[in-house]
Each structure stands twice: as structure tokens, then as C-alpha cells.
Chemist: 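Mind looking over this structure? Questions follow.
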Amino acid sequence: RLQTHKITTGSRNLDDLLGGGIETKTITEFFGEFGSGKTQICHQVAVNVQLPIEKGGLSTPDKMAKAVYIDTEGTFRWERIEAMSKRWGLDPDEVMSNILYIRAINSDHQMAIVDELFNIVPKENIKLVIVDSVTGHFRAEYPGRENLAARQQKLNRHLHQLSRLAEIYDVAVIITNQVMAKPDVFYGDPTQAVGGHVLYHAPGVRVQLRKSRGNKRIARIVDAPHLPEGEAVFMITDYGIAD
Ligand code: GTP
Ligand code: MG
């Protein structure tokens, strides 16, 4: 892993927890229950990657950094991108034009899109690929214990695709995974939560999100010996992810 780059999340606390931000050449997984902030983080980082390097993005004076947003649940909102762009004084229309939005209708489509990205990413200056959520279609199409092995195998292929894309093209990949809050199993081994060992072998950084009071959320890194232990508190505001 030679040179990597980092993208700010918009929260200093969360950036610090991540060792500076969302890293290129790797997969960062956000998992947690509904409303824990996974999708809002995805929106914010799709904006932030477009900031100049000195402000936490990956744009250079001659080249804007772009993002791909693969939406499997139909929860993407351009209005949020607009609000989050204005926060940094960026032109929302320009920011929106640098986000390639793709709605994935099933797991085969989701994987075909990533295959196609191997052609698109090197031509455009794409520095971030988001899959929100990575698991939804797989869960729906391969329900129950009896399909677990098949689902797992296919999902592993998908994750492998994504990690190759990240490494080859120096791109940051963010994936999300909805996991029900079940405090009893959460704190022992979060991968044991509903859905089984869904992403157990996924490479990269895994971040657990929990709801706190009001718009506060708590992030914790799971099994990453090279990152600091502990938790980060951040907020979801009208203008995006903040401290
Ligand atoms: P699932 O996809 O259902 O698993 O949830 P998620 O983890 O993706 O949650 P998401 O990122 O959608 O977070 C939803 C939360 O963000 C809501 O509970 C709101 O509190 C907050 N939120 C969404 N939009 C806005 C907004 O425009 N302003 C503010 N202040 N908060 C918002
Ligand atoms: Mg979501």
C-alpha cells in the first residue's frame, strides 16, 4: 500500500477516528441500524471529495475529483447534495455534475455496474465510489439460512471487485450495511448481528454507527489494529455531517 489519500467526512472527530479521513485504495464500511447516518455520510463524502486537497478533498487546480454513487435503495437526494455543497461555498450545480448517480435495481445489476466502472474510472477523474447499501439486494434475493452460503459467495465476489477497483485506481470505496441494533450481540461481535457474518471477510475499515441523543451519532472502529480505539461523536445537521 504505497501512497494513499484521505477525504474528510465533515466531522473532525470522525476524521480523527479514521486516522485522517476516508482513505483511497481501501473499502470503508459503515454499518448500523436505520437512521444511524450511513446514507448522510455517503452524501457528505460525495461532496467533500470535490474539495481541494488542502480542504480535505481530492481535487487539484487542474482536475476536479468526481464521485460515483451507486444507490440500491432509492434514498439518494439531490437536495441534500445541494445543502452540503453550499456549506463549503461550492457551486451546487457543479458539485452535482461531478456525481455520477446510478440506481442499481438488483444484485446482478449492482455487480455489472462495478464491472463497468473499471472502464469509466480511469477515463474520468473518479476518486470515490459509494455503494449504499451494499447488502440490501443480496439480502432480499437470497433470504434465509438455506441461501446464506450462495449469498455469501456472491457478496464476496462483489467486495473483491470493489477492493480491486479501489487499489488499481487509487479510489476510495464506501459501502454501507444495515444491521439491526441488538446491544447484546453488538458489543461482543457485531458481525453476529442480524444477517449473519455478512461482511466478515471484507477488507478495509469497518465503522459501526449508533444513534445517540437527537442528531448525535456515535462511531466506533471495529477490528482495525492500526487505527485508534475509542469512539467519535458527530452530528447530522441540515448542512451535513459535522462535530
Ligand atoms: P438506513 O438506510 O435506513 O439503514 O439508515 P441510514 O443509516 O442510512 O440513515 P440516514 O443516513 O438516512 O440518516 C437518517 C437521519 O439523518 C435521519 O434520522 C435524520 O435525523 C437525519 N437527516 C436526514 N436528512 C436531514 C436533513 O435534511 N437535516 C437534518 N438536520 N437531518 C437530516
Ligand atoms: Mg441509508
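Atoms within a ligand are numbered from 1 in the order they appear, just like the ligands themselves. What you see below is based on every heavy atom in this structure, not just the backbone, and it leaves out hydrogens, waters and symmetry mates.
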Chemist: In terms of residue, atom name and distance, what is the protein heavy atom nearest to atom 11 (O) of ligand 1?
Modeler: Q40 N, 2.8 Å
Chemist: Check whether more than 12 heavy atoms from other residues, nucleotides or ligands sit under 6.0 Å from atom OH of Y101, and answer yes or no.
Modeler: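 Count over threshold, so yes.
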Chemist: Please determine whether any non-hydrogen atom of E33 lies less than 4.0 Å from an atom of ligand 1.
Modeler: yes
Chemist: What part of R80, side chain, backbone, both or neither, has a heavy atom within less than 4.0 angstrom of ligand 1?
Modeler: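 The part of R80 near ligand 1 is the side chain, not the backbone.
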Chemist: Looking only at distance, does G37 have an N or O less than 3.5 Å from an N or O of ligand 1?
Modeler: yes
Chemist: Quick one: does ligand 1 sit under 4.0 Å from the side chain of D238, the backbone, both or neither, non-hydrogen atoms only?
Modeler: both
Chemist: Just by modelled atom types, is the T75 backbone N or O under 3.5 Å from a matching donor or acceptor in the D71 side chain?
Modeler: yes
Chemist: Within the structure, does at least one protein heavy atom fall under 4.0 Å of atom 21 (C) of ligand 1?
Modeler: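 Given the 4.0 Å limit, the answer for atom 21 (C) of ligand 1 is yes, a protein heavy atom qualifies.
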Chemist: Going by the order shown, which atoms of ligand 1 are within less than 4.0 Å of some heavy atom of Q178?
Modeler: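 So the atoms of ligand 1 that pass are 1 (P), 3 (O), 4 (O).
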Chemist: Distance from I99 atom CD1 to F76 atom CZ, nearest 0.5 Å?
Modeler: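 Reported to 0.5 Å precision, the distance equals 5.0 Å.
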Chemist: Can you confirm whether more than 12 heavy atoms, excluding those of Q153, are under 6.0 Å from its CD atom?
Modeler: no
Chemist: How far is atom 12 (O) of ligand 1 from its nearest protein heavy atom, and which residue and atom name does that atom have?
Modeler: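 For atom 12 (O) of ligand 1, the nearest protein heavy atom comes out as T39 CB, 3.7 Å.
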Chemist: Is T39 close enough to the Mg ion (ligand 2) to have an N, O or S atom under 2.8 Å?
Modeler: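 Yes, T39 qualifies, because one of its backbone or side-chain N, O or S atoms lies under 2.8 Å.
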Chemist: Counting only N and O atoms by type, is there a donor-acceptor contact under 3.5 Å from the side chain of K211 to the main-chain atoms of F34?
Modeler: yes
Chemist: Donor-acceptor pair, K25 side chain versus Q3 backbone, under 3.5 Å?
Modeler: yes
Chemist: Donor-acceptor check, side chain of T72 to backbone of S133, threshold 3.5 angstrom: yes or no?
Modeler: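 It does hold such a pair.
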Chemist: To which protein heavy atom is atom 18 (O) of ligand 1 closest, and what is the distance rounded to 0.1 Å?
Modeler: R217 NH2, 3.6 Å
Chemist: Between G35 and ligand 1, is there a nitrogen or oxygen pair with a distance under 3.5 Å?
Modeler: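 N/O-N/O distance under 3.5 Å: yes.
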Chemist: How far is atom 32 (C) of ligand 1 from its nearest protein heavy atom, and which residue and atom name does that atom have?
Modeler: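 The protein heavy atom lying closest is I236 CG2, 3.9 Å.
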Chemist: Ignoring hydrogens and angles, tell me if any N or O in the side chain of Q50 forms a donor-acceptor pair with the backbone of V95 under 3.5 Å.
Modeler: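 The answer is yes, because a donor-acceptor pair under 3.5 Å joins these two groups.
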Chemist: Which residue and non-hydrogen atom of the protein lie closest to atom 4 (O) of ligand 1, and at what distance in Å?
Modeler: K38 NZ, 2.7 Å
Chemist: Name the one of D132, I130, V131, L100 that satisfies side chain to side chain contact (heavy atoms under 4.5 Å, CB included) with I70?
Modeler: V131
